[in-house]
Amino acid sequence: MILQQLQKEIQNAFQALFNHTLPLEKIDFQQTRKEFEGSYTFVTFPYGKITGKRPDETATILGEFLKENVAIIKNFNVVKGFLNLVLEQSVWVKTLANLNNKPVWQNIKKKDEKVMVEYSSPNTNKPLHLGHLRNNFLGYSVSEIMAANGSEVMKVNLVNDRGVHICKSMLAYQRHGNGKTPQDLGIKGDKMVGDFYVKFNDLFKAEVNQLVEAGTEQKRAEKEAPILKEAQQMLLKWEQGDKEITDLWKKMNGWVYEGFDETYKSIGVKFDKFYYESNTYLLGKDIIEEGLEKGVFFKKEDGSVWIDLKDEKLDEKLVLRADGTSVYITQDIGTADLKYRDFPMQKSVYVVGNEQDYHFKVLFLILKKLGRSYSDGMHHLSYGMVELPDGKMKSREGTVVDADELVNDMIKMAKERTGEVGKIDDFSEQEAENLYRMLALGALKYYLLRVEPKKKMLFNPADSIDFQGNSGVYLQYTHAKICAILRKANSDNISHKSDSFESLTALESTEEDLIRLLSDYPIYLNEAAQNYAPSSIANYMYDLAKQYSKLYAELSIFGEENESKKSLRIALSDATAKTLKHAGKLLGIEMPERM
RNA sequence: GGUUCCUUAGCUCAACUGGAUAGAGCAACUCCCUUCUAAGGAGUAGGUUUCAGGUUCGAGUCCUGAAGGAAUCACCA
């Protein structure tokens with residue numbers, strides 16, 4: 001790669017001129033700004049002490065040395081301490097030839113690194129909504145990105161399938177379900193169970209109001225509402241393995257899973273392994289014991305177990321109740337060990353909303369204090385909530401943007417838009433439906449992934465997700481446009497193998513810019529994995545598509561008379577399409593060949 | 001109240017981890033389809049990067065403080 005070569009050349013130059021060895025990883029280039037001539041810029045300000053010269057002098061001396069000794073450097077110019085390097089254009093032709101022969105991502109070596117990514121982790125009471133989509137897309141995408149960077153990745157889903165809240169919907173169903181199944185009602189199983197969860201809340205509120213009217217204090221009423229007590233009772237029975245209750249639980253969860261499966265399939269998200277809290281909620285108690293022995297935890301008079309994190313600017317945190325039952329963090333400690341036994345990973349990523357920042361900080365700290373070898377590789381991929389104009393989404397209140405509905409709406413929009421443009425009249429029904437879905441999901445995924453995860457985002461249902469401009473559809477459109485060109489090149493028998501253009505020595509600036517962008521792809525790929533940031537990929541794709549669109553508008557391909565140039569532009573188109581397709585896959589966005 | 005996070009153009013977001021004159025899309029306005037897909041391209045306008053200090057050759061980015069917003073501080077998960 002060019003940048004690596006340039007790094008070495010700078011290192012040599014420093015050695016020869018200043019008798020100083022710069023470590024390679026410290027040699028950094030940035031893109032030359034458009035208003036100056038050059039491709040890459042080396043900043044010399046930091047090296048004053050080494051060279052003993054002013055930055056602009058250092059830059060000039062370096063530039064002269066490089067021009068003299070390095071074949072690919074054609075020229076240079078110095079602006080203050082910025083050394084702009086102008087490369088021989090044959091370098092870019094050669095770069096494209098290499099790209100053409102072997103895409104850059106095929107050069108990425110397999111790492112000896114296992115990564116587990118936990119995401120989605122739904123609650124079986126709550127049908128998936130827009131916020132969950134952000135989670136699912138992030139988790140899926142981060143997994144794909146790490147895998148593309150050579151890691152072995154395991155995608156897992158930890159399903160929250162037990163607890164009082166589950167009993168609530170079960171109870172509401174017992175009372176008002178009349179034994180109906182989702183098939184009877186003609187709705188998805190997860191939706192039906194979700195409805196009963198909402199139903200419970202209505203019943204609960206009614207009871208609370210009644211109590212308050214009868215003179216009970218609000219807070220007490222909320223604790224003593226009979227229906228709540230009954231739900232708690234039900235949880236006890238469930239824990240004791242009561243047949244009637246567990247049968248109902250299994251039946252209702254079965255419905256939910258069917259619904260979830262359908263949604264996962266529809267949005268193109270997959271998992272390698274499922275964990276269920278009903279299997280893991282008892283884990284972790286033995287580790288509490290271990291922690292007591294190690295002196296990491298301490299016991300209070302009432303028998304409850306705590307950890308003191310005051311030294312870390314955190315508080316004391318309960319890890320086991322006085323009655324010996326576990327809390328949330330107990331089972332998370334246990335599950336962490338379980339996961340490591342199943343898949344001894346170096347990195348473990350938890351894709352969970354930022355309302356649990358504190359929880360994960362504590363969890364990772366505890367595991368570190370317990371001396372778990374894997375604790376250093378743990379990472380909470382924390383993302384901001386998706387908010388509506390009137391505030392947060394609440395499943396309990398029913399104020400959510402439902403995932404299935406949103407996807408369906410967008411498919412409808414894609415269909416309308418495609419109808420207006422009218423380029424796929426010869427598509428079969430099936431092909432057309434595939435395309436609509438591809439476009440709808442592309443728009444949705446891009447919309448959610450292009451934003452840095454930790455930022456909260458606002459979704460206004462009134463103005464729909466873009467099919468224009470900086471959007472997923474723009475990327476897909478660019479890809480489809482290129483495919484048209486490749487089809488024509490193929491039917492006209494125009495070669496774009498590297499020997500058809502390798503002799504070229506001059507390039508248009510748009511061509512050069514595009515080649516540079518293509519060859520920089522691994523940098524973004526690496527950055528995305530390093531920072532768990534699909535947004536890096538998304539933004540790169542946009543830049544790439546934009547750069548190509550510019551070239552497409554400026555330069556004619558089939559109207560070009562010089563055969564070598566024609567071939568080069570086709571090769572450039574091909575490389576762009578392949579890169580878009582590869583990067584799109586990392587975001588879960590499919591690229592159509594026609595649209 | 002403590003802690004953590006956020007604040008960039010009217011709106012939604014970028015900015016290669018401290019680099020040069022802060023960039024895109026949407027919305028507004030001008031142009032460009034008898035030439036490879038106009039779901040596109042070129043342009044105009046829009047900024048004291050919330051504010052006040054500091055660090056240095058250089059700060060949207062780092063440090064301190066302030067303002068506004070969010071989350072969390074449960075023997076819920």
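Just so it is clear: chains get the letters A, B, ... in the order the sequence lines come, proteins before strands, and each one is counted from 1.
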Any strand is fair game: report the nucleotide pairing with [N] by Watson-Crick or G-U wobble, both distances under 3.5 Å, or none.
{"N": "rG19(B)", "answer": "rC57(B)"}
{"N": "rA45(B)", "answer": "none"}
{"N": "rU3(B)", "answer": "rA71(B)"}
{"N": "rG65(B)", "answer": "rC51(B)"}
{"N": "rA38(B)", "answer": "none"}
{"N": "rA9(B)", "answer": "none"}

Once you apply a heavy-atom cut-off of 4.0 Å, does [X] come out as touching a base, just sugar-phosphate, or nothing?
{"X": "E277(A)", "result": "sugar-phosphate"}
{"X": "N84(A)", "result": "base"}
{"X": "E316(A)", "result": "nothing"}
{"X": "I485(A)", "result": "sugar-phosphate"}
{"X": "D28(A)", "result": "sugar-phosphate"}
{"X": "Y524(A)", "result": "nothing"}
{"X": "Y328(A)", "result": "base"}
{"X": "K423(A)", "result": "base"}
{"X": "M385(A)", "result": "nothing"}
{"X": "T418(A)", "result": "base"}
{"X": "S549(A)", "result": "sugar-phosphate"}
{"X": "N526(A)", "result": "nothing"}
{"X": "L439(A)", "result": "base"}
{"X": "V473(A)", "result": "base"}

* Is_stacked (F45(A), rG19(B)) at 5.5 Å, 30 deg -> yes

Separation between the [atom1] atoms of [N] and [M], rounded to whole Å:
{"N": "rU55(B)", "M": "rC62(B)", "atom1": "C1'", "value": "8 Å"}
{"N": "rA9(B)", "M": "rU49(B)", "atom1": "P", "value": "10 Å"}
{"N": "rG60(B)", "M": "rG23(B)", "atom1": "P", "value": "12 Å"}
{"N": "rA66(B)", "M": "rA28(B)", "atom1": "P", "value": "43 Å"}

Distance check: side-chain N/O of [X] vs OP1/OP2 of [N], anything under 4.0 Å?
{"X": "K455(A)", "N": "rA14(B)", "value": "yes"}
{"X": "K481(A)", "N": "rG40(B)", "value": "no"}
{"X": "R33(A)", "N": "rG19(B)", "value": "no"}

K299(A) to W306(A) six-membered ring, cation-pi geometry met (6.0 Å, 45°):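 K299(A) over W306(A) ring: no.
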
(Q) When you measure from the centre of the six-membered ring of F501(A), is the NZ or CZ of K565(A) closer than 6.0 Å and no more than 45° off the axis? (A) no

Nearest to side-chain heavy atoms of [X], which nucleotide of [options]:
{"X": "K456(A)", "options": "rA39(B), rA70(B), rC75(B)", "value": "rA70(B)"}
{"X": "R487(A)", "options": "rU37(B), rC73(B), rA14(B)", "value": "rU37(B)"}
{"X": "Y474(A)", "options": "rG40(B), rA14(B), rA70(B)", "value": "rG40(B)"}
{"X": "T32(A)", "options": "rG19(B), rA77(B), rA20(B)", "value": "rA20(B)"}
{"X": "Q31(A)", "options": "rC16(B), rA38(B), rC75(B)", "value": "rC16(B)"}
{"X": "K546(A)", "options": "rC75(B), rG41(B), rA77(B)", "value": "rG41(B)"}
{"X": "N470(A)", "options": "rG25(B), rG69(B), rA20(B)", "value": "rG25(B)"}
{"X": "E527(A)", "options": "rA39(B), rC16(B), rA20(B)", "value": "rC16(B)"}
{"X": "E35(A)", "options": "rA20(B), rC36(B), rA77(B)", "value": "rA20(B)"}
{"X": "A553(A)", "options": "rG41(B), rC6(B), rG25(B)", "value": "rG41(B)"}

Rounded to the nearest Å, what distance is computed from the [atom1] atom of residue [X] to the [atom2] atom of nucleotide [N]?
{"X": "L388(A)", "N": "rA70(B)", "atom1": "CG", "atom2": "C1'", "value": "15 Å"}
{"X": "K49(A)", "N": "rU56(B)", "atom1": "NZ", "atom2": "P", "value": "11 Å"}
{"X": "R54(A)", "N": "rG58(B)", "atom1": "CZ", "atom2": "P", "value": "16 Å"}
{"X": "F82(A)", "N": "rG18(B)", "atom1": "CZ", "atom2": "C1'", "value": "11 Å"}
{"X": "Y540(A)", "N": "rC13(B)", "atom1": "OH", "atom2": "P", "value": "25 Å"}
{"X": "Y383(A)", "N": "rC5(B)", "atom1": "OH", "atom2": "C1'", "value": "15 Å"}
{"X": "K34(A)", "N": "rA15(B)", "atom1": "NZ", "atom2": "C1'", "value": "12 Å"}
{"X": "K310(A)", "N": "rG2(B)", "atom1": "NZ", "atom2": "P", "value": "18 Å"}

Q) For E277(A), does the CD atom sit with more than 12 other heavy atoms under 6.0 Å from it, leaving out its own atoms? A) yes

Donor on one side chain, acceptor on other, [X] and [Y], under 3.5 Å:
{"X": "H165(A)", "Y": "N160(A)", "answer": "yes"}
{"X": "T41(A)", "Y": "Q30(A)", "answer": "no"}
{"X": "Y436(A)", "Y": "E431(A)", "answer": "no"}
{"X": "S382(A)", "Y": "Y350(A)", "answer": "no"}
{"X": "Y383(A)", "Y": "N135(A)", "answer": "yes"}
{"X": "S39(A)", "Y": "T32(A)", "answer": "no"}

Worksheet item: Can you find a donor-acceptor pair, distance only, under 3.5 Å between S535(A) side chain and rA14(B) base?
Response: no

Can you find an N or O donor on one side and an acceptor on the other, under 3.5 Å apart, linking the side chain of T41(A) with the base of rA20(B)?
yes

Next on the checklist: Looking at E312(A) and K317(A), is there a salt bridge between them, counting it only when a charged N and a carboxylate O are closer than 4.0 Å?
Outcome noted: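 Salt bridge absent between K317(A) and E312(A).
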
| Aromatic ring centroids of Y474(A) and Y446(A) under 6.0 Å? | no

Exercise. Taking it one step at a time, do T124(A) and D161(A) satisfy side-chain hydrogen bond (donor to acceptor under 3.5 Å, both in side chains)?
Worked result: CA-CA 6 Å; T124(A) 54; D161(A) 64 343; over 6 Å; no

Contact check, residues 351-361 of chain A vs RNA chain B, heavy-atom distance under 4.0 Å, returns N354(A), E355(A), Q356(A), Y358(A), K361(A)

For this session: Have a look at rC51(B) and give me syn or anti from its glycosidic angle (syn if within 90° of zero).
Result: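 Anti, angle beyond 90° from zero.
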
